[in-house]
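In what follows, chains carry the letters A, B, and so on, assigned in the order in which the sequence lines appear, proteins first and then strands, with residues in each chain numbered from 1.
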Amino acid sequence: MADPLKLQDYAGAPAPIPGGIAARARAQAAPRYLDGLNPEQREAVETLDGPVLVLAGAGTGKTRVLTTRIAHILSLGKARPSEILAVTFTNKAAREMKLRIGSMVGEAVEGMPWLGTFHSIGVKILRRHAELVGLKSGFTILDTDDQIRLLKQHLSAANIDEKRWPARVLANLIDGWKNRGLTPSQVPAGEAASFANGRGQELYAAYQERLKTLNATDFGDLLLETIRLLREQPDVLRQYHHRFRYILVDEYQDTNVAQYMWLRLLAQRPQRNDLLADGSAAATPQRAETNLCCVGDDDQSIYGWRGAEVDNILRFDKDFPGAKVIRLERNYRSTGHILAAASHLIAYNEGRLGKTLRTEDELGEKVTVSGAWDSEEEARSVGEEIEQLQRKDHSLNQIAILVRASYQMREFEDRFITLGLPYRVIGGPRFYERAEIRDALAYLRAVNSSADDLAFERIINVPKRGLGDATVQWLHEHARQANMSMMDMAREVANTDELKPKPRQSLRDLMANFDRWAAQKDSLPHTELAEMILDESGYTDMWQKDRSADAAGRLDNLKELVRSMDEFENLQGFLEHISLVMDADRGEQVDSVSIMTLHSAKGLEFETVFLPGWEEGLFPSQRSLDEQGRAGLEEERRLAHVGLTRARRRAKIFFATNRRIHGMWTTNIPSRFLDELPEADVEVTEQKGGFSFSGYGASRFDRQESFGSSYTTPGWQRAQQRGGFSGGGYSGGSGSAPSGGRWQKTEIPDLPRPRKGPRTIEGELVAKSTGTASAYSVGDRVFHLKFGNGNVTFVEGNKLTIQFDKAGEKRVVDSFVERV
DNA sequence: CGCTAGTCGGTTTTT
DNA sequence: CCGACTAGCG
């Protein structure tokens, strides 16, 4: 620690006398960090003893309460930084919390080793006591990809047809069991039977067995094994009970059963007598208290589908008797109309604790609802509105488009590319999940430990070096028989004539490389080692030769990876943390519109939020309804609530009558959520008398005959053929065959619709053209970030028409391309 | 072994 | 429509 003295100062001593006086003195000085908290927030910060549940509605200062509470504990000397357990769900949240605590208490935050995600804290505990659960402390953590590859091996070993019973499905099943804290023997018979004719449980058990031999865990084990450890080793449990004087949990509504069990073990301390074994425990009066503080919002629980149990938060006061429940209902984010709309909507949910959000802000703009004929027009409207805002000097960084499903994004991307409107897509594959990163890591893992079969297998033929399935299979079997790692087996067999000459030579070269790298592992700085490995293995070369659009990006990612290794002491340290902590937080500084899913928007806020796709079937998602029934609907509604409450000043909802999903045109009716918005806070735009606010029976958004302008979209043409949209848009028929179902997919034969791009939008394009001649001319070879390489075929002002090698013909603004 | 043409199946995402 | 995965050929 950089400055132990300062740390001591904050921490105080457990003994009551010096800390007490100092604390009182500080309290009288009315610590500055408490300034500006409202009474409820203050109560949440100052109620330190016993279980506390803080129900923090959207925008009510949840993180502030959490961080201030920690600062408060520290400055009162109630606990040392190392005696506080603070749990979040994501690394991002943990980082942010650390940052904010740091800004209040300074370096003391560096002494908080127990601030992190459930998983990272689980690892920390497990590494210390690994032998007690049958692991060695250097165990590796497998991610989903490794997990699936391992399961594939098991499936083929068990002679199970992978077509019928995919490894993916089994992985999900096992994950689900682990989320619920179930070990193989605890899996309910009925569920185990659902996979491979009742062999699910057996496979789960075999998989766990295999993990132990590999000295590996998957993500679920990080929780499950910790639970097992704490249950089976009372001494260890006592040690942590003693250590953690205060426990704080963020986003409690997202906890799953395993996390809940984990938490309860740590938080539900035995009564005081049990603790008196330790001398210092007797000295402090509240030792036996469960100083647990959970912060969450049942109305923002949107991860039920991956095991989160809203129930955990709903019954908190039963689990922790005497719990104090504090509601934070003053919203500091959104204007009146937005908040009213969101509150009214969420009130339709039955399973909730119930909060009433208030704001002292002005009413502001009403939430707008706009209809569009199809998703293309929807994207066009959103684009126009954004450009209007842009003209009024609104920052694009303060604008977000929040969609239900990621396939909705493309439409906006296409449109924004045409307009030359900068945007960024948030989410998508995360940094460490990208193939190139995983490959690079596999090389490093294999060099670091010759026992890491999974890593070795991943890169044995990447780049292609003539070591295909046959060779890998051979190595696999023989390594297993000889009870040695694949790498060791490979090293041996490379010098015999058991393999055909070609693979043998390849293998020999590869192993020579590995030996050389391993020899330099300790002498060379690990970043240099990494660069060397990536170069000499031919991996960098492979991407440099690749001419696809994302190859450049991948090379950047690799550079980024090597850069990020700098922060670690050595290769070992880097690899230990990488599997848990690696995520791309490379904040683009360019002013741009954010496009993301509603899920990934949780916790964020923007001045203006666009919410497209509010249609039955899409939002609420039909699948959610089918699979989860009412619970599914309520979760979708919470998602809508999350979406609306992301907006500070403007929320703009859209729905499209026609949408192309997977190449099929579907006709949808407006979302029921639209009917659940309060009339007084909503403004329906861009319709000429079509919408009548007729109460909740017949949707007031159902009737759509009256969009005035002329449209050339397929949906419109189809509608005209059919004679308009009477009948509420339910019918999905193509005109010939009658359609039964409401969500019937309808294939439209290729109508003579205008070619995508130029024609329908010519007017706008010309109007926006800068007039200055483009620096490009016909025939130029250019590179585009999204579309890759192509040739310019037409130039008009700053707009280029480009024939891309892979993506086909597109029209883009010239600032989006560069010459190659 | 590696490439390519065909099939299949497509919410939401963290660790 | 578009990507991921596989069977089957060179």
Would you say the rings of A:W305 and A:H599 are close, in the sense that their centroids are separated by under 6.0 Å? yes
Measure from the ring center of A:Y204 to the ring center of A:W177 and say whether it is less than 6.0 Å. yes
Distance check needed: [N] [atom2] versus [X] [atom1], whole Å only.
{"X": "A:R95", "N": "B:dT15", "atom1": "CZ", "atom2": "P", "answer": "9 Å"}
{"X": "A:K92", "N": "B:dT13", "atom1": "NZ", "atom2": "P", "answer": "13 Å"}
{"X": "A:W305", "N": "B:dT12", "atom1": "CH2", "atom2": "C1'", "answer": "4 Å"}
{"X": "A:L598", "N": "B:dT12", "atom1": "CG", "atom2": "P", "answer": "11 Å"}
{"X": "A:D143", "N": "B:dT15", "atom1": "CG", "atom2": "P", "answer": "12 Å"}
{"X": "A:Y303", "N": "B:dT11", "atom1": "OH", "atom2": "C1'", "answer": "12 Å"}
{"X": "A:E635", "N": "B:dT12", "atom1": "CD", "atom2": "P", "answer": "14 Å"}
{"X": "A:E225", "N": "B:dT15", "atom1": "CD", "atom2": "C1'", "answer": "16 Å"}

Sequence neighbours left out, what passes salt bridge (charged side-chain N to carboxylate O under 4.0 Å, His left out) with [X]? Give chain and number order.
{"X": "A:R264", "result": "A:D319"}
{"X": "A:R149", "result": "A:D146"}
{"X": "A:E457", "result": "none"}

Could you report the tightest heavy-atom contact between A:V295 and A:Q253, atom names first, then the distance? O-OE1, 4.4 Å
Starting the side chain at C-beta, find the nucleotide from [options] nearest to [X].
{"X": "A:R410", "options": "C:dG3, B:dG10, B:dT14", "value": "C:dG3"}
{"X": "A:A405", "options": "B:dT13, B:dT12, B:dT15", "value": "B:dT12"}
{"X": "A:R306", "options": "C:dC1, B:dT13, B:dT11", "value": "B:dT13"}

Is the closest side-chain heavy-atom distance between A:R445 and A:L454 below 4.5 Å?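 In short, these two side chains touch, coming nearer than 4.5 Å.
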Please examine the side chains of A:W543 and A:N557, heavy atoms only from C-beta on, and report whether any two atoms are closer than 4.5 Å. no
Below 3.5 Å between N/O atoms, which protein atoms pair up with nucleotides 6-10 of chain C? Just atom names and distances, please.
{"residue": "C:dA7", "atom": "OP1", "partner": "A:K163", "partner atom": "NZ", "Å": "2.5"}

Scan residues 623-631 of chain A against DNA chain B and write down, sorted by residue number, each residue with any heavy atom closer than 4.0 Å; if none is found, say none. A:R623, A:S624
Tell me whether the side-chain N/O atoms of [X] come closer than 4.0 Å to OP1 or OP2 in [N].
{"X": "A:T597", "N": "B:dT13", "answer": "yes"}
{"X": "A:N91", "N": "B:dT14", "answer": "no"}
{"X": "A:S406", "N": "B:dT12", "answer": "yes"}

When you measure from the centre of the six-membered ring of A:F139, is the NZ or CZ of A:R127 closer than 6.0 Å and no more than 45° off the axis?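 Judged by the rule (NZ or CZ under 6.0 Å from the ring centre, within 45° of its axis), A:R127 counts as positioned above A:F139.
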A:F412 ring centre to A:R415 NZ or CZ under 6.0 Å, with the angle to the axis within 45°? no
B:dT12 and C:dC5, which share atom name C1', separated by this distance in whole Å: 23 Å
What nucleic acid atoms does A:S621 come within less than 4.0 Å of, heavy atoms only: base, sugar-phosphate, or nothing? base
Report which part of the nucleic acid A:E636 touches: base, sugar-phosphate, or nothing (heavy-atom distance under 4.0 Å, all strands).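 Result for A:E636 = base.
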What are the atom names and distances for every N/O pair under 3.5 Å that joins the protein to nucleotides 1-9 of chain B?
{"residue": "B:dC1", "atom": "OP1", "partner": "A:G468", "partner atom": "N", "Å": "3.0"}
{"residue": "B:dC1", "atom": "OP1", "partner": "A:T471", "partner atom": "N", "Å": "3.4"}
{"residue": "B:dC1", "atom": "OP1", "partner": "A:T471", "partner atom": "OG1", "Å": "3.0"}
{"residue": "B:dC1", "atom": "OP2", "partner": "A:D469", "partner atom": "N", "Å": "3.4"}
{"residue": "B:dC1", "atom": "OP2", "partner": "A:A470", "partner atom": "N", "Å": "3.0"}
{"residue": "B:dG2", "atom": "OP1", "partner": "A:G466", "partner atom": "N", "Å": "3.3"}
{"residue": "B:dG2", "atom": "OP2", "partner": "A:N461", "partner atom": "ND2", "Å": "3.2"}

For the pair A:E413 and A:R410, find out whether any cationic side-chain nitrogen is under 4.0 Å from an anionic carboxylate oxygen. no
Check whether A:E616 reaches the backbone of A:R672 with its side chain - one donor and one acceptor, N or O, closer than 3.5 Å. yes
